[in-house]
Amino acid sequence: MEGGYDTLLTYAGLFSAVLTAFNVESYSLLKADHADTTNALLAQMAAQMNSFALNPTFMKATQPYTPLPPPSTFRAATSVVWINIFWFSSLICSLSAAFIGMMVKQWFHENEHGLSGTSRDAARLRQHRYDSLIKWRVGTIVAILPVLLQLASALFLAGLLTLLWSLHHVVAVVVAVLVSDLLVFTLVTMVTPTFSPDCVYK
C-alpha cells in the first residue's frame, strides 16, 4: 500500500512538472505579443522609406500611412484558448491528486500509530479504526486518485492534439492514431471485467 501511494505521488509530481513547462509556453499566447507590434511598425517604416519620391523641390512619400490596430483589439485564437483550458485543467487535476494523496498518506500514518502488539486492546483499537475508515469513505477517496491522474493525462493529450492540429496536420494525424490506440486499450480494460468475472483488469 505504501509503495503504491509513493508511486502515485511520484507520478503526479513528475507529470505536474512536465505540464508546467508546457503551460509556461502556452499561456503567453493568450496575450498580445509586443514583439509582433514592434515588427509591424518597423515593416511599415521600411515600406514608407522605400516609397519616398525625390524631386528637386520636395520629397514625398507615395506609401499611404495605415495606422496599426490598438493592442486592445487582440484576441487569442480559439485553438490557443482550448489548449490552455485543457492544459491548466490537467495541471489542476494532477496537483489535486498529489495533494489528496499526501493527505491520505498522513491519515494512514496516524491510523497506524499505537497499533503495535497483539493484545486484545490493540486488536479492538485496530478494528475500531478500520471501521472508521469505512464509515468516512476513505476507500472512495483513495479510488479517486488514479482517476484524477487519468483525467489529467486525457486533458493533456487533448491539448496536445489541439496544438498539433493548429501546426501541422500530418504530425497531428500520427499522434492522433497513437492516442486512439491508448484510448481503445483503456476502454477495453475497463469494459472487459463486466463480461468476464475472472478478468484481472479491475
Side-chain angles (χ1 to χ4, degrees), residues 1-27 30 78-116 122-165 172 175-202:
M1 182 68 73
E2 190 77 16
Y5 280 111
D6 290 340
T7 301
L8 281 176
L9 291 175
T10 301
Y11 176 80
L14 292 175
F15 189 67
S16 298
V18 171
L19 276 172
T20 301
F22 278 90
N23 287 339
V24 166
E25 294 296 326
S26 67
Y27 89 91
L30 293 172
T78 304
S79 61
V80 170
V81 173
W82 277 108
I83 289 168
N84 279 275
I85 289 174
F86 286 136
W87 283 354
F88 276 99
S89 299
S90 177
L91 181 61
I92 291 171
C93 289
S94 178
L95 291 175
S96 298
F99 182 76
I100 296 172
M102 288 187 295
M103 291 178 64
V104 170
K105 190 172 182 179
Q106 181 181 355
W107 296 342
F108 282 153
H109 177 72
E110 291 295 327
N111 192 64
E112 294 172 357
H113 182 70
L115 293 180
S116 59
R124 188 180 294 113
L125 180 59
R126 185 179 291 107
Q127 183 62 41
H128 172 70
R129 291 182 178 179
Y130 178 75
D131 293 339
S132 297
L133 291 175
I134 295 176
K135 176 184 177 181
W136 293 101
R137 301 183 183 277
V138 175
T140 303
I141 297 175
V142 170
I144 290 175
L145 301 181
V147 175
L148 281 173
L149 290 176
Q150 289 172 345
L151 178 60
S153 300
L155 289 169
F156 171 74
L157 291 175
L160 186 63
L161 286 175
T162 305
L163 172 66
L164 293 177
W165 278 112
V175 174
V177 169
L178 297 175
V179 172
S180 299
D181 292 341
L182 177 60
L183 178 61
V184 170
F185 173 78
T186 303
L187 291 176
V188 168
T189 56
M190 291 174 61
V191 173
T192 303
T194 306
F195 302 100
S196 181
D198 61 342
C199 181
V200 297
Y201 303 149
K202 297 179 182 179

Exercise for review: Determine whether Phe108 and Val104 make a side-chain contact, defined as any pair of heavy atoms from C-beta on separated by less than 4.5 Å.
Suggested key: yes
Exercise for review: Give the C-alpha distance, both sets of side-chain angles, the deciding distance and a yes or no for side chain to side chain contact (heavy atoms under 4.5 Å, CB included) between Ser26 and Val80.
Suggested key: CA-CA 7 Å; Ser26 67; Val80 170; over 6 Å; no
Point to revise | side chain to side chain contact (heavy atoms under 4.5 Å, CB included) assessment of Leu149 paired with Leu145 | key: CA-CA 6 Å; Leu149 290 176; Leu145 301 181; 5.8 Å; no
Check your understanding: Would Leu163 and Phe22 satisfy side chain to side chain contact (heavy atoms under 4.5 Å, CB included), going step by step from the backbone distance to the final call?
Key -> CA-CA 11 Å; Leu163 172 66; Phe22 278 90; 5.6 Å; no
Practice item. Verify, without hydrogens or angle tests, whether Ser94 (side chain) and Ser90 (backbone) share a donor-acceptor contact under 3.5 angstrom. Key: no
Review point. Looking at side-chain heavy atoms only, is the closest gap between Tyr27 and Phe88 below 4.5 Å?
Key: yes
Check your understanding: How long is the gap from CG on Leu91 to CG on Asn23, to the nearest 0.5 Å?
Key -> 5.5 Å
Study note, to complete from the structure: Note: Glu110 and Arg129 closest approach over all heavy atoms is O-NH1, 3.7 Å
Exercise for review: Please test Tyr11 against Ser153 for side chain to side chain contact (heavy atoms under 4.5 Å, CB included), starting from the C-alpha separation and ending with a verdict.
Suggested key: CA-CA 11 Å; Tyr11 176 80; Ser153 300; 3.0 Å; yes
Exercise for review: Using the side-chain contact (heavy atoms from CB on, under 4.5 Å) rule, pick out the option among Thr194, Thr189, Val188 that qualifies with Thr192.
Suggested key: Val188
Practice item. State which residue, out of Leu182, Leu178, Thr162, fulfils the side-chain contact (heavy atoms from CB on, under 4.5 Å) condition with Leu157. Key: Leu182
Review point. Can you tell me how far CG of Leu133 sits from NE2 of His128, rounded to the nearest 0.5 angstrom?
Key: 10.0 Å
Check your understanding: What are the two closest non-hydrogen atoms of Ala143 and Pro146, and how far apart are they?
Key -> O-CD, 3.4 Å
**Study point:** Phe86 side chain near Phe156 side chain, heavy-atom distance below 4.5 Å
**Key:** no
Point to revise | Whether over 12 other heavy atoms sit under 6.0 Å from Trp107 CH2 | key: yes
**Study point:** Atom pair SG/CG of Cys93 and Leu19 - distance to nearest 0.5 Å
**Key:** 10.0 Å
Check your understanding: Does a side-chain heavy-atom distance below 4.5 Å link Lys105 with Leu9?
Key -> yes
**Study point:** Distance (rounded to the nearest 0.5 Å) between Ile100 CD1 and Ile144 CD1
**Key:** 6.5 Å
